[in-house]
Amino acid sequence: MEAVLKAEGIAKSYEGRRVLSDINVTLGKGETVCLLGVSGIGKTTLFNILSGLEAPDSGRVLLGGEDVTGKSGLVGYMQQSDLLLPYRTIAENAALPLILRGEKKRDAVKKASAMLADFGLEGCEKLYPAQLSGGMRQRAALLRSCLFSSTALLMDEPFSALDAITRAGMQKWFKRVAREQGLSVFLITHDINEALLLSDRIYILAGSPGKIICELPNSLPEGENPELTREFLESKIKITELVAGGGQQPNGKD
Ligand SMILES: Nc1ncnc2c1ncn2[C@@H]1O[C@H](COP(=O)(O)OP(=O)(O)OP(=O)(O)O)[C@@H](O)[C@H]1O
Ligand SMILES: [Mg+2]
């Protein structure tokens, strides 16, 4: 499969403490890949490096084969909090990447408005973020991220602030949109269910410093409620053990 985004040999320390060590991940075209790990393990650190918001101490990030290490604005990303601008309408917020790229504001807002329906936000163009529910704000942030780049989309715990019912609805919706739009998505989460429901492949980040301790293909049966199948539960048990026991992997050096 053609790699859209690739990280090679990434390492990062903060204040002399190694957080990430020798991270190698790839994202294929049209694929949704999840990076799964417990809180504090280094997920957002890797997100910041992949999105170019921070530079690694060593290693490099490739976008379509080109070295983009430490360069932001090339990959579309959605941070852990939605960060919509409170004093801009939903259509203006979504249109921001187009405006930053030099499109006229009126044209950009028109283009973004036309896409709102696809993201479940029909009729919301003139509303402000505070007038929307948490799920709607997340969808607006997602539309904005998609307009940043159609090549690759990075998401850091996009649904974690939502209540369980809204989250389940958003996950189903996102899976459909990602497929329909052919998105290539690198999704970071600490939620095993989310990783199993959304991804084609799962990387597990564990240990101290954080390393990719394994990569699992994910092919759950299609259907209304995959989380109620035996395969789902079996995968969940296996992954729970891996995520928790990452520090004591027999082959985990350092
Ligand atoms: N700018 C920084 N300066 C110093 N230490 C940092 C910085 N950013 C992150 N860290 C440390 O690096 C470690 C990993 O943090 P990170 O935010 O990447 O974790 P995470 O896996 O995203 O956690 P969560 O699931 O809670 O979001 C933590 O111990 C954190 O305190
Ligand atoms: Mg984080």
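For ligands, and for the atoms within them, numbers begin at 1 and follow the listed sequence. Only a predicted model underlies this, so the values are computations on that prediction, with no experimental measurement involved. When reading the values below, keep in mind they use all heavy atoms of this one structure, side chains included, and skip hydrogens, waters and symmetry mates.
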Q: Give yes if a backbone or side-chain nitrogen or oxygen of H190 is under 3.5 Å from a nitrogen or oxygen of ligand 1, and no if not.
A: no
Q. Measuring from S51:OG to L63:CG, what's the distance to the nearest 0.5 Å?
A. 11.5 Å
Q: Find the distance between CG (L116) and CD (E122) and round it off to the nearest 0.5 Å.
A: 9.0 Å
Q: Compute whether any side-chain donor of one residue and acceptor of the other, for D67 and T69, lie under 3.5 angstrom apart.
A: yes
Q) Under 4.0 Å between a Lys/Arg side-chain N and an Asp/Glu carboxylate O for E234 and K238? A) no
Q.
Tell me whether the count of non-hydrogen atoms from other residues, nucleotides or ligands lying under 6.0 Å of NZ in K126 goes above 12.
A. no
Q) What residue and atom, counting heavy atoms only, is the protein's closest point to atom 29 (O) of ligand 1, and at what distance? A) R17 NH2, 2.6 Å
(Q) Which of the numbered atoms in ligand 1 are under 4.0 angstrom from any heavy atom belonging to E15? (A) 4 (C)
Q: Any chance you could lay out the side chain to side chain contact (heavy atoms under 4.5 Å, CB included) test for L196 and I239, step after step, and finish with the verdict?
A: CA-CA 10 Å; L196 282 168; I239 293 175; 3.9 Å; yes
Q) More than 12 non-hydrogen atoms from neighbouring residues, nucleotides or ligands closer than 6.0 Å to CG on L228, yes or no? A) yes
Q) Under a 4.0 Å N-O cut-off, is there an ion pair linking R167 with E194? A) no
Q) Are any of the side-chain nitrogens in E157 or K43 under 4.0 Å away from the carboxylate oxygens of its partner? A) yes
(Q) Using a 3.5 Å distance criterion without hydrogens, assess whether the side chain of D200 forms a donor-acceptor pair with backbone atoms of T32. (A) yes
Q: Assess G42 for proximity to ligand 1: is some non-hydrogen atom of it under 4.0 Å away?
A: yes
Q: Tell me which protein heavy atom sits closest to atom 6 (C) of ligand 1, plus the residue, atom name and distance to 0.1 Å.
A: Y14 CD1, 3.2 Å
Q: Tell me which protein heavy atom sits closest to atom 26 (O) of ligand 1, plus the residue, atom name and distance to 0.1 Å.
A: S39 OG, 2.6 Å
Q: List the closest protein heavy-atom neighbour of atom 27 (O) of ligand 1: residue, atom name, distance to the nearest 0.1 Å.
A: Q80 NE2, 3.0 Å
Q. Among all residues two or more places apart in sequence or in another chain, which pass the side chain to side chain contact (heavy atoms under 4.5 Å, CB included) test with T45?
A. K12, Y14, V19, L20, I49
**Q.** Side-chain (Y203) to main-chain (T26) donor-acceptor, under 3.5 angstrom
**A.** yes
Q. Which is closest to atom 20 (P) of ligand 1 in terms of heavy atoms, G40, G210, S208, P209?
A. G40
Q.
Quick check on L46 - does any of its heavy atoms sit under 4.0 Å from an atom of ligand 1?
A. no
Q. Has ligand 1 got any nitrogen or oxygen that is less than 3.5 angstrom from a nitrogen or oxygen of V19?
A. no
Q: Distance to 0.1 Å, residue and atom name: give those for the protein heavy atom nearest to atom 17 (O) of ligand 1.
A: T44 CB, 3.6 Å
Q) Is there a donor-acceptor pair closer than 3.5 Å between any side-chain N or O of N218 and the backbone N or O of I202? A) no
Q) What protein N/O/S atoms lie closer than 2.8 Å to the Mg ion (ligand 2)? A) T44 OG1, Q80 OE1
Q | Note, F174 side chain near M155 side chain (heavy atom, < 4.5 Å) | A | yes
Q: Below 4.0 angstrom from a heavy atom of K43, which ligand 1 atoms are there? Numbered from 1 as shown, please.
A: 18 (O), 19 (O), 20 (P), 21 (O), 22 (O), 23 (O), 24 (P), 25 (O)
Q) Can you tell me which residue and heavy atom of the protein come closest to atom 15 (O) of ligand 1, and the distance to 0.1 Å? A) T45 OG1, 3.8 Å
Q) Looking only at heavy atoms of E157, does any of them come nearer than 4.0 Å to an atom of ligand 1? A) yes
Q: With heavy atoms only and a cut-off of under 4.0 Å, state how I188 meets ligand 1: side chain, backbone, both or neither.
A: neither
Q) Under 4.0 Å from any heavy atom of V38, which atoms of ligand 1 are there? A) 21 (O)
